[in-house]
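Let me begin by presenting the structure, written as structure tokens, before commenting on it.
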Amino acid sequence: MDSKLLIELENLKDDIKNSSEYMEYLDSEKELEESEEVQILSYKKEMAIVDYEDSLKHFNENSDEVKKARERLNKAISLLNSHEIVIKYNKALTKLNILLREVEQEIFGDLND
């Protein structure tokens, strides 16, 4: 690669890192990681996954045990995903991904051309 291209790529990286989308993402990620409520909800979701997987090992998929475990899992996922900090994080991540897709499209365009 020539040095001019490397400099331009480094500038692009800096622009992305300084973008409002990236800063918002970092802030929301930090808030997410520091939230005790979110950590508890995440733990409960993980335990519901384990419970559901265990019930599938021991019971038929249509059994009451599996259905109840699936309901508990769905509830745990819903509680986690509806927490305001998680919603904020997901919105920030979506904005960042849109920015990155725009950059990718600008650089690479349609590779089928």
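Atoms considered below: every heavy atom in the structure, side chains included; atoms not considered: hydrogens, waters and symmetry mates. Nothing here was measured: the structure is a model prediction, and the numbers come from that model.
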(request) Please name the residue in the list Ile85, Leu26, Val38 that meets the side-chain contact (heavy atoms from CB on, under 4.5 Å) test with Glu31. (result)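 Filter result, single survivor: Ile85.
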
(request) Identify the residue among Leu100, Thr94, Leu96 that makes a side-chain contact (heavy atoms from CB on, under 4.5 Å) with Ile98. (result) Thr94

Which value, rounded to the nearest 0.5 Å, describes the distance between [X] atom [atom1] and [Y] atom [atom2]?
| X | Y | atom1 | atom2 | answer |
| --- | --- | --- | --- | --- |
| Glu24 | Lys88 | CD | NZ | 7.5 Å |
| Leu80 | Ile40 | CG | CD1 | 12.0 Å |
| Glu36 | Tyr43 | CD | OH | 14.0 Å |
| Phe59 | Asp64 | CZ | CG | 10.0 Å |
| Glu8 | Glu10 | CD | CD | 12.0 Å |
| Glu53 | Leu73 | CD | CG | 9.0 Å |

(message) Can you tell whether the side chains of Arg101 and Glu104 come within less than 4.0 Å, N to carboxylate O?
(response) no

(message) With a 3.5 Å distance limit and no angle check, can you tell me whether Ser19 reaches the backbone of Ile16 through a side-chain donor-acceptor pair?
(response) yes

(message) So does Ser78 get a backbone contact from the side chain of Ser82, meaning a donor-acceptor N/O pair under 3.5 Å?
(response) yes

(request) For residues Val86 and Asn81, report the shortest heavy-atom separation together with the two atoms involved. (result)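 For Val86 versus Asn81, the nearest heavy atoms are CG1-CA, 4.0 Å.
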
Is there side-chain contact between [X] and [Y], with heavy atoms separated by less than 4.5 Å?
| X | Y | result |
| --- | --- | --- |
| Lys44 | Leu79 | no |
| Leu9 | Leu5 | yes |
| Ile107 | Leu12 | yes |
| Lys30 | Asp27 | no |

(message) Are more than 12 heavy atoms, taken from residues, nucleotides or ligands other than Glu46, located less than 6.0 Å from that residue's CD atom?
(response) yes

(message) Distance alone, cut at 3.5 Å: any donor-acceptor contact between the side chains of Glu21 and Tyr25?
(response) no

(message) Between Glu65 and His58, is there a side-chain donor-acceptor contact under 3.5 Å, judged purely by atom types and distance?
(response)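 No pair is found: no donor N or O on one side chain lies under 3.5 Å from an acceptor on the other.
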
(message) Do Leu32 and Leu93 sit in one hydrophobic cluster, given that two such residues count as connected whenever their side-chain heavy atoms are within less than 4.5 Å of each other, even indirectly?
(response) yes

(request) Please determine which of Arg70, Arg72, Lys68 meets the side-chain hydrogen bond (donor to acceptor under 3.5 Å, both in side chains) test together with Asp51. (result)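 The residue from Arg70, Arg72, Lys68 that satisfies side-chain hydrogen bond (donor to acceptor under 3.5 Å, both in side chains) with Asp51 turns out to be Arg72.
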
